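Counting from 1, the numbers follow the sequence of the chain as shown. Treat the numbers as computed from the prediction; the structure is a model and nothing was measured. No hydrogens, no waters, no symmetry mates; every other heavy atom, side chains included, goes into these values.
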Amino acid sequence: MRQLERKYAREVVVIGVHSAKFPNEKGTDAVRQAVLRLSVGHPVVNDRDFRVWREYTIRAWPTITFIDPLGKVIGRHEGEFNLNRLDATLAAMIEEFDAENLLDRRPLSFTAEHEKETDRPLFFPGKVLADTSAERLYVADTGHHRVVECSLDGERRRVFGDGEAGRRDGEAIWARFNGPLGLALHGGHLFLADTENHAIRCVDRATGQIETFAGTGEHGSGRMRGGPAQKTPLNSPWDLAVFREHLYVAMAGAHQVWRIGLEGGGDAMPWAGSGRENIGDGPLTEAMLAQPSGLALDPDRGVLYIADSEVSGIRAIDLLPGPDRQTGWVRTLVGQGLFDFGDVDGQGAAVRLQHPLGVAWADGVLYIADSYNHKIKRLDPRSGRVDPFLGTGTPGHRDGPAREAQFSEPSGLTIARGKLYVADTNNHAVRVCDLATGMVGTLTALDS
């Protein structure tokens, strides 16, 4: 949409209408945070009571409604769109209305939200990754389109990316990303999900050189079959995990998990998920996922855990055989459906989360960034029990004891040296919790 807004800046007016699915998305401040996080440059209406939705008889997210210069609805498109087709449609409309002398090319005058913001050391950090062997913490500084390397105490060491949105390989200070999120380590390389570039990038940690590992920069859509990693379009890769010789990718836009061979220029292929957006267990190619956004590994048992955000679920796939495990199968630990969400702890089917975006594994416990509930929760995968751990459930930024601390849409987790690091996205901060005491603090060194 941004490409078309730029191309037709004088002919087309875009007005976003936000009709929330999740309760956390209804507040105007939450909408403002999303506008900033996504760099939205057009006006957005908070349709919290679905009034606009009903008046325009909308049926699906997303929907594009076309309104002519006289204010009449002349068309509609439901679901994701093909860029070239929409471009051609707009070009034809512009030609028609220009011939009738109906276009008003005077620019709209309004102050975009990002113009009101002051600069921050971090801007909507989305994911974090700790490397205990090198005593390093990597922060996906998503809103600044870069990755920050620091010590586990938050002392900054290096920055990858020049801070401008783009797609450019090369030296650390010259390369460009666009909305980077998930991170993973393999050997001497740092892999990152360059989400808005629909690519996987690779950083040589010794030299700082950056190259494209997978993806073409084009947005893959429709039924994606995979192929050679650097020649295959991807669709919003959100998080990464490495197990043995493969890189696993939470391909949120395709509602799948993909797998890429790490050696010898491997193929990028759909691995789990049929591509249908829903919740459904079963064989890898038949199971259904819904915008998977977080990955975590239990390397000892060979289990891949998935934060399946749109069904507010936690899913699991066994990578290794065992007496109580079936490989090649997606199973649900938490989650019931696309519209089953809330803030309910407990056992099994009774549990409700609200749009979790991150997971981390340590010592038999899966930690969950229950993002829209502004909490961190703990899941025992063997019993299926979910218990509260950090946060009050009210958005804010407060350090202190576990149940008194406040977060705002935390979305990334990693664990090192007995500490849980949290990408506290809407607070533009990295928080750290001592797992033994439950005390929560903020990595203030990152502010320097």
Next item on the list: Please confirm whether the backbone N or O of Ser236 pairs with a side-chain atom of His198, one donor and one acceptor, at under 3.5 Å?
Entry: yes

Margin query: As a test of understanding, state which of Lys377, Lys375, Arg352, His355 forms a side-chain hydrogen bond (donor to acceptor under 3.5 Å, both in side chains) with Asp370.
Written below: Lys377

Checklist line | Asp281 side-chain N/O to Thr332 backbone N/O, donor-acceptor pair under 3.5 Å | finding: yes

Margin query: Given the ring of Phe177, does Arg201 sit roughly above its face, with NZ or CZ under 6.0 Å from the centre of the six-membered ring and within 45° of the axis?
Written below: no

Item checked: Identified side chain to side chain contact (heavy atoms under 4.5 Å, CB included) counterpart of Tyr305 within the set Leu295, Leu379, Leu366, Ile368 -> Leu366

Notebook entry, point to check: Between Arg2 and Ser39, is any side-chain donor less than 3.5 angstrom from a side-chain acceptor?
Noted result: no

Note to self: Whether Lys7 and Asp87 form a salt bridge (side-chain N of Lys/Arg under 4.0 Å from carboxylate O of Asp/Glu) is what I want to check.
What the structure shows: yes

Note to self: For Ser408, is there any backbone N or O sitting under 3.5 Å from a side-chain donor or acceptor partner on Asp424?
What the structure shows: yes

Margin query: Between Thr89 and His77, is there a side-chain donor-acceptor contact under 3.5 Å, judged purely by atom types and distance?
Written below: no

Check: Considering only heavy atoms from C-beta outward, does the side chain of Leu183 approach that of Leu190 to under 4.5 Å?
Finding: yes

Item checked: Any donor-acceptor N/O pair, Asp298 side chain to Trp361 backbone, under 3.5 Å -> no

Margin query: Measuring only between side-chain heavy atoms, which start at C-beta, is Cys433 closer than 4.5 Å to Leu390?
Written below: yes

Next item on the list: Ignoring hydrogens and angles, tell me if any N or O in the side chain of Arg315 forms a donor-acceptor pair with the backbone of Gly280 under 3.5 Å.
Entry: yes

Notebook entry, point to check: Hey, does the side chain of His374 reach the backbone of Glu409 with a donor-acceptor pair shorter than 3.5 angstrom?
Noted result: yes

Next item on the list: Say whether, by atom type as modelled, one donor and one acceptor occur between the side chain of Thr394 and the main chain of Thr392 under 3.5 angstrom.
Entry: no

Check: Between Tyr248 and Trp271, how do the two ring planes meet: parallel, tilted or perpendicular, split at 30° and 60°?
Finding: perpendicular

Notebook entry, point to check: Just checking, is any N or O donor in the side chain of Asn46 or Arg32 under 3.5 Å from an acceptor N or O on the other one?
Noted result: no

Next item on the list: Classify the ring geometry between Phe191 and His186 as parallel (under 30°), tilted (30 to 60°) or perpendicular (over 60°).
Entry: tilted

Margin query: Is the ring pair Tyr372/Phe22 parallel, tilted or perpendicular, if the boundaries are 30 and 60 degrees?
Written below: perpendicular

Checklist line | Under 3.5 Å donor-acceptor, Asp267 side chain and Gly261 backbone | finding: no

Note to self: Can you confirm whether more than 12 heavy atoms, excluding those of Tyr56, are under 6.0 Å from its OH atom?
What the structure shows: no

Check: Do Gln354 and Asn373 have side-chain N/O donor and acceptor atoms under 3.5 Å apart?
Finding: yes

Next item on the list: Indicate whether the side chain of Asp119 and that of His144 have a donor and an acceptor atom separated by less than 3.5 Å.
Entry: yes

Next item on the list: Establish, yes or no, whether a centroid distance under 6.0 Å links the rings of Phe123 and His428.
Entry: yes

Next item on the list: Would you mind checking if Arg301 and Asp318 are paired as a salt bridge, meaning a charged N to carboxylate O distance below 4.0 Å?
Entry: no

